[in-house]
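These notes are about the structure you will find just below.
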Amino acid sequence: MSEVLRSEAEQYEQIPTRVYPDADSACDELAQEVAGLIRAKADAGKGLVLGLATGSTPVGLYRRLIRMHGEEGLSFAHVTTFNLDEYYGLDRSHPESYWRFMQEQLFEHIDIPPENIHLPDGTVDRQDVHAHCRDYEEKIASAGGLDFQILGIGHTGHIGFNEPGSSVDGRTRLVTLDILTRRDAARDFLGEANVPRHAITMGVGTILEARKIVLMAYGEAKASVVVDAVEGETTGRIPASFLQRHTDTRFLVDEAAASELTRIKHPWRVGSVEWTPDLRRKSVIWLSGEMEKPVLKLVDEDYAEHQLGDLITEWGPAYNLNIRIFNEIQHTITGWPGGKPNADDSHRPERAEPARKHVLVLSPEPSDVESAMGGTLHRLVDQGHEVTLAFLTSGNLAVPDPLVHLATDLVLEMGGEDGGGASAELARTVRGQIESKGPFDVDTPETRTAKGLIRRGESRAAAQTCGLQLTQIRFLDLPFDEKGRYRQFQLEAVDAAQLTELLREIRPHQIYATGSVADPNSVAAVSFRALLQAIGTVCREDWWKGCYVWLYRAGNRAWPLHEIDMAVPLSPAEMANKVEAIYQHQSQRSQTPASGTAGAESWQQAEHLNRSTAVAYDGLGLAEYEAIETFRRWNRT
Ligand code: F6R
């Protein structure tokens with residue numbers, strides 16, 4: 001464990017951890033630090049030895065280093081790099097090889113001499129792997145050891161590809177990838193079946209020999225593994241927890257990835273706190289869950305025994321506080337997500353006026369919206385609001401090839417194989433391209449167009465199931481997604497410009513959006529940043545003052561109970577209709593039979609989530625509903 005003296009709030013943390021508002025600010029600071037080290041070494045006539053990682057996490061850092069090279073003359077001429085890992089069995093030219101990733105994301109854009117770049121070689125023969133790994137270790141040693149190691153962290157708690165079960169003194173070697181890790185990579189490889197089963201990775205022991213280590217983690221999906229590594233015991237089950245044994249390791253995390261740390265999740269357990277309304281609500285809901293008692297049955301002793309005595313001194317007695325919080329939660333529940341016309345709205349999440357609202361619903365990827373808020377969407381339509389549903393990206397990166405076969409065959413059969421016409425021509429071209437495509441080849445523009453059309457068809461069917469007319473649907477196909485690959489998206493002004501135009505046209509009273517706490521390189525998070533830029537442009541226009549932004553959560557997550565500002569109950573029939581809507585996204589169904597909940601289909605996950613929220617509300621002592629969809633208001637005061 002590092003010798004740094006930790007503050008009272010950080011008393012549970014065994015690794016110094018800095019929380020940043022977002023990944024950008026963390027990357028800004030880290031890029032400055034790396035540049036400073038490179039320059040300091042250069043001033044001393046030496047070169048820096050850097051340990052590097054791939055994946056989405058370090059992309060922001062690499063972009064900044066490239067910019068500093070171009071604009072500030074930062075030279076990498078004396079930098080030597082060693083990457084953590086490489087998939088075994090992949091050729092360097094493979095689109096998903098870490099070699100290629102590093103070339104595209106960093107090396108091609110800086111002045112590092114090629115001979116200074118080192119990655120394990122995923123193509124060495126099986127019988128030569130051990131010698132290759134030993135050689136890799138020797139090269140690190142003869143470079144003088146790693147001065148600075150950059151790490152990300154996997155959902156399994158892996159660093160490099162040291163999966164659960166790794167030992168603290170492991171060296172560079174061939175490893176088998178965890179099933180969760182392979183699932184995480186499935187999108188990049190266009191299907192789990194294509195993800196390699198093995199990799200060569202530096203060992204935990206190799207990593208721990210670096211003089212300085214920084215691990216970055218962004219997005220809420222990393223929160224639980226971050227807290228395990230930082231606050232848990234050191235264990236091979238969470239290989240990143242071994243970093244507790246290193247004396248100069250830091251974690252840099254954004255707020256979403258920090259959300260499970262004790263000082264953030266249960267701040268009252270690490271010292272005295274200011275009892276803001278949010279914190280009061282959070283602590284009472286937590287206590288109710290902890291005691292498995294409805295809010296109104298909590299008593300003073302329950303608070304006292306759970307380090308919440310201060311809260312009761314300031315805001316008690318328990319019954320008064322309970323009633324207050326119970327009412328707050330009660331007021332989040334509404335069957336009128338667009339506001340209830342002619343009703344007193346002083347305790348409702350939405351305003352009654354105007355009765356007929358302009359509602360803009362944004363779906364970053366085509367199936368996000370139905371999964372997260374299909375029931376609410378239907379209600380908004382039924383309750384007479386002017387709803388526009390905009391699909392922000394085409395989603396064409398996620399369509400399996402066999403579906404394209406099906407679609408092109410259909411077009412050709414309908415027109416006759418020899419039929420002319422532009423659609424038959426396109427279908428023939430695409431079919432030819434799919435047939436001659438190698439296993440990991442990137443799709444041609446024509447094939448991407450065809451795949452986008454498949455998703456459009458599914459999206460229309462899903463939206464119609466939620467009660468929308470075709471005229472209420474827009475497809476924006478934002479360019480960042482069309483030009484990009486997963487994990488490597490880059491926003492350009494044109495993305496936000498398209499959203500600005502849409503906002504100005506619709507002048508919404510309500511926007512439904514997602515992506516604020518997602519992995520910053522995901523489609524949802526990049527789309528959300530484009531929305532924020534667009535809002536930045538229109539926020540001084542008069543109509544904007546009347547707009548509420550409601551955040552939903554995509555990808556099988558709900559808001560934590562204390563963060564919910566609007567809870568929309570669904571009847572059994574509404575739940576069934578929502579499932580039917582999600583089901584329309586046929587290209588997103590798993591291609592192999594599901595195994596266990598982790599592999600559950602998206603409609604099953606959505607159903608489970610919405611029912612669990614209803615059960616949780618019931619547990620707090622509120623009415624028992626069939627299912628509930630949840631929203632948080634953005635920038636609420
Ligand atoms: C990559 C590596 C991995 C990743 C980890 C997180 O070289 O060693 O440990 O750092 O899987 O991946 P992302 O950043 O894609 O979430």
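Both ligands and their constituent atoms are indexed starting at 1 by order of listing.
- With Glu163 as the partner, the side-chain hydrogen bond (donor to acceptor under 3.5 Å, both in side chains) test is satisfied by one option alone out of Thr201, Thr176, Thr156: Thr156.
- When only interatomic distances are considered, the shortest N/O to N/O separation between Thr57 and ligand 1 falls below 3.5 Å.
- In terms of protein heavy-atom proximity, atom 2 (C) of ligand 1 is nearest to Asp85 OD2, 3.3 Å.
- Each of Ser367, Ser363, Pro366, Ser394 was checked for a side chain to side chain contact (heavy atoms under 4.5 Å, CB included) with Ser459, and the lone residue meeting it is Pro366.
- Counting protein heavy atoms only, atom 5 (C) of ligand 1 is closest to His158 NE2, 3.4 Å.
- Of the residues Arg250, Arg18, Arg263, the one that meets the salt bridge (Lys or Arg N to Asp or Glu O under 4.0 Å) test with Glu13 is Arg263.
- Regarding atom 15 (O) of ligand 1, its nearest protein heavy-atom neighbour is Arg487 NH1, 2.4 Å.
- Those atoms of ligand 1 that come under 4.0 Å of a heavy atom in Leu84, given as number and element, are 8 (O).
- Protein heavy atom closest to atom 6 (C) of ligand 1, with residue, atom name and distance, is Ile153 O, 3.3 Å.
- In terms of heavy-atom proximity, Tyr136 sits nearest to Pro120 at OH-CD, 3.4 Å.
- A heavy-atom separation below 4.0 Å is found between Lys222 and ligand 1.
- Ring pair Phe489/Phe480 is perpendicular by interplanar angle, where above 60° counts as perpendicular and below 30° as parallel.
- With a heavy-atom cut-off of 4.0 Å, Leu151 does not touch ligand 1 at all.
- For ligand 1, the atoms lying closer than 4.0 Å to a non-hydrogen atom of Gly55 are 14 (O), 15 (O).
- Without hydrogens or angle criteria, Asn162 side chain to Ile159 main chain gives a donor-acceptor distance under 3.5 Å.
- Phe76 and Phe107 have their aromatic ring centers separated by at least 6.0 angstrom.
- Remark: ligand 1 atoms within the under-4.0 Å shell around heavy atoms of Gly160 are 2 (C), 3 (C), 8 (O), 9 (O).
- The aromatic rings of Tyr552 and Phe631 sit perpendicular, their planes meeting at an angle over 60°, well past the 30° parallel limit.
- Taking the six-membered ring where tryptophan is involved, the planes of His198 and Tyr88 are perpendicular, since the angle between them exceeds 60° and thus also 30°.
- Atom 1 (C) of ligand 1 has Thr54 OG1, 3.1 Å as its closest protein atom, hydrogens excluded (heavy atom only).
- When only interatomic distances are considered, the shortest N/O to N/O separation between Ala53 and ligand 1 does not fall below 3.5 Å.
- Taking each of Gly152, Gly157, Ala199, Pro239 in turn, the one with a heavy atom nearest to atom 10 (O) of ligand 1 proves to be Gly152.
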